[in-house]
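Right, one structure below, let's go through it.
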There are 2 protein chains.
Amino acid sequence: MGETERALEQQLWDLVYAYDAAFDRAAQEAGLTAAQACLLTCLSQGSCTMGDLATELVCDASNITQLVGRLEARGLVTRDPDPDDRRARRVSITAAGRRQRRAIERVFTFPAERIGRLSAAEQRQLRELLAKVMAV
Amino acid sequence: MGETERALEQQLWDLVYAYDAAFDRAAQEAGLTAAQACLLTCLSQGSCTMGDLATELVCDASNITQLVGRLEARGLVTRDPDPDDRRARRVSITAAGRRQRRAIERVFTFPAERIGRLSAAEQRQLRELLAKVMAV
DNA sequence: TATTGTTATACTCTATAACTATA
DNA sequence: TATAGTTATAGAGTATAACAATA
């Protein structure tokens, strides 16, 4: 492996590390954990079933039961019967939950700040490179 | 915020998400957690005190006590008295620990695979862009 | 019979507070 | 008095297995 590859691997590690740390901090400043913040973000697009959330967050259903339980206890989400399937539950974000989510968004300035260091041309360059790197 | 910035923010999120998932999976395939893998990586450069590890891993000392305890119980690290400061302990990776660490390295192909999708010129471009993005 | 979700349980990660031993 | 590390404890994330209700 060449010098450039090695340097890139280190840069990627550093980027991911800093990104994760910034997200954790932002969630924490809003009084949430990272997992809770992710769940609220899923719900901000519309209501989900427990199973949808498990799929989206790539974890076991029993974990969702616990996460949603904690958020429900704090009034950030609701859990209602699904009219179409009586086994299922529709989880929705509340007004208070939306406020929390916006609070995180406001504090999580890391990506915008870093991207803002690049010129418009550099941003387009990076976008193309990342598209290649992340293509399925 | 423009179209390019928005797209870049999403790409960054996706990249970090995929990277984290790949690292977790690699650690798990080697029978370790991500935190344990990071600790072994710290030690692979040489022995550390408990306090060094807490600083390096940005967490509380009591957490290191527990992490090291679990790894020591599995024979992956040792914890010896420090000859210079009798309060301190020197933590070192064992041969078995090195084998585990190498196993993770072998399985964690994500960064190399993704970087390998770019030409040498593209790699140099990305390296410069990331240097700008990650500059202190 | 298969699926949705919950409960019980257990392990890990993590932090705070109180503590011991040493500097 | 300050520092290095440990212990006790607690909350959160996560998974597995067993289960109830419904499809």
Exercise for the section: Verify the contact: side-chain N or O of B:R89 to OP1 or OP2 of D:dT6, cut-off strictly under 4.0 Å; return yes or no. Expected result: yes
Exercise for the section: Return the value, rounded to whole Å, for the distance between atom CG of A:D24 and atom P of C:dT14. Expected result: 10 Å
Problem - Pairing of A:R106 and A:E29 as salt bridge, 4.0 angstrom limit - result: no
Practice task
Mark yes or no for whether A:Q45, through its side chain, and A:C42, through its backbone, hold a donor-acceptor pair below 3.5 Å.
Solution key: no
Problem - Gap between atoms CG and P, on B:L67 and D:dT6 respectively (whole Å) - result: 12 Å
Handout entry: A:D82 bridged to A:R90 by N-O distance under 4.0 Å
Key = yes
Problem - Nucleotide nearest A:A88 (side chain, heavy atoms from C-beta), chosen from C:dG5, C:dC13, D:dT6 - result: C:dG5
Exercise for the section: May I ask you to check whether A:F110 and A:Y19 place their ring centers less than 6.0 Å from one another? Expected result: yes
Practice task
Look at all strands and tell whether B:T65 reaches a base, only sugar-phosphate, or nothing, counting heavy atoms closer than 4.0 Å.
Solution key: base
Problem - Nearest-angstrom distance from the residue atom CG of A:L76 to P of D:dA12 - result: 13 Å
Fill in the blank from the handout: The residue, A:D60 or A:R70, whose nearest nucleotide of DNA chain D is more 5′ is A:R70
Exercise for the section: Report yes if at least one side-chain N or O of B:S62 is closer than 4.0 Å to OP1 or OP2 of C:dA17; otherwise report no. Expected result: no
Exercise for the section: Examine distances only and state if a side-chain atom of B:R117 and a backbone atom of A:A135 form a donor-acceptor pair shorter than 3.5 Å. Expected result: yes
Practice task
Indicate, yes or no, whether a donor-acceptor pair under 3.5 Å links the base of C:dT12 to the side chain of B:Q36.
Solution key: no
Exercise for the section: Going 5' to 3' through nucleotides 18-23 of chain C, assign each nucleotide B (protein heavy atom under 4.0 Å from a base atom), S (under 4.0 Å only from sugar-phosphate atoms) or - (no protein heavy atom that close). Expected result: ---BBS
Practice task
Decide, yes or no, whether a salt bridge links B:E105 with B:R101 under the criterion of side-chain N to carboxylate O below 4.0 Å.
Solution key: yes
Problem - Rounded interatomic separation in angstrom, taking CE from A:M50 and P from D:dT14 - result: 14 Å
Practice task
Would you indicate what B:R90 reaches in the nucleic acid, counting non-hydrogen atoms under 4.0 angstrom: base, sugar-phosphate, or nothing?
Solution key: nothing
Handout entry: Proximal nucleotide (of C:dA15, D:dG13, D:dA15) relative to the A:C59 side chain
Key = D:dA15
Practice task
For A:D80 and C:dG5, give me the distance from atom CG to atom C1', rounded to whole Å.
Solution key: 15 Å
Exercise for the section: Under 4.0 Å between any heavy atoms, over every strand shown, what does B:I64 touch: base, sugar-phosphate, or nothing? Just pick one. Expected result: nothing
Practice task
Before giving the answer on side chain to side chain donor-acceptor pair (under 3.5 Å), spell out for B:D14 and B:Q10 the whole-Å C-alpha distance, their side-chain angles and the decisive distance to 0.1 Å.
Solution key: CA-CA 6 Å; B:D14 292 343; B:Q10 186 61 51; 3.0 Å; yes
Handout entry: A:Q66, nearest nucleotide to its side chain (from D:dT9, C:dC13, D:dA15)
Key = D:dA15
Completion exercise
Rounded to whole Å, the CZ-P distance (B:R25 to D:dT14) equals 15 Å
Practice task
Check whether any side-chain heavy atom of A:L15 sits under 4.5 Å from a side-chain heavy atom of A:Q11, and report yes or no.
Solution key: no
Exercise for the section: Round to a whole Å and report the spacing from CD of A:Q28 to C1' of D:dA12. Expected result: 12 Å
Handout entry: Value in whole Å for how far the P atom of D:dA4 lies from CG of B:N63
Key = 17 Å
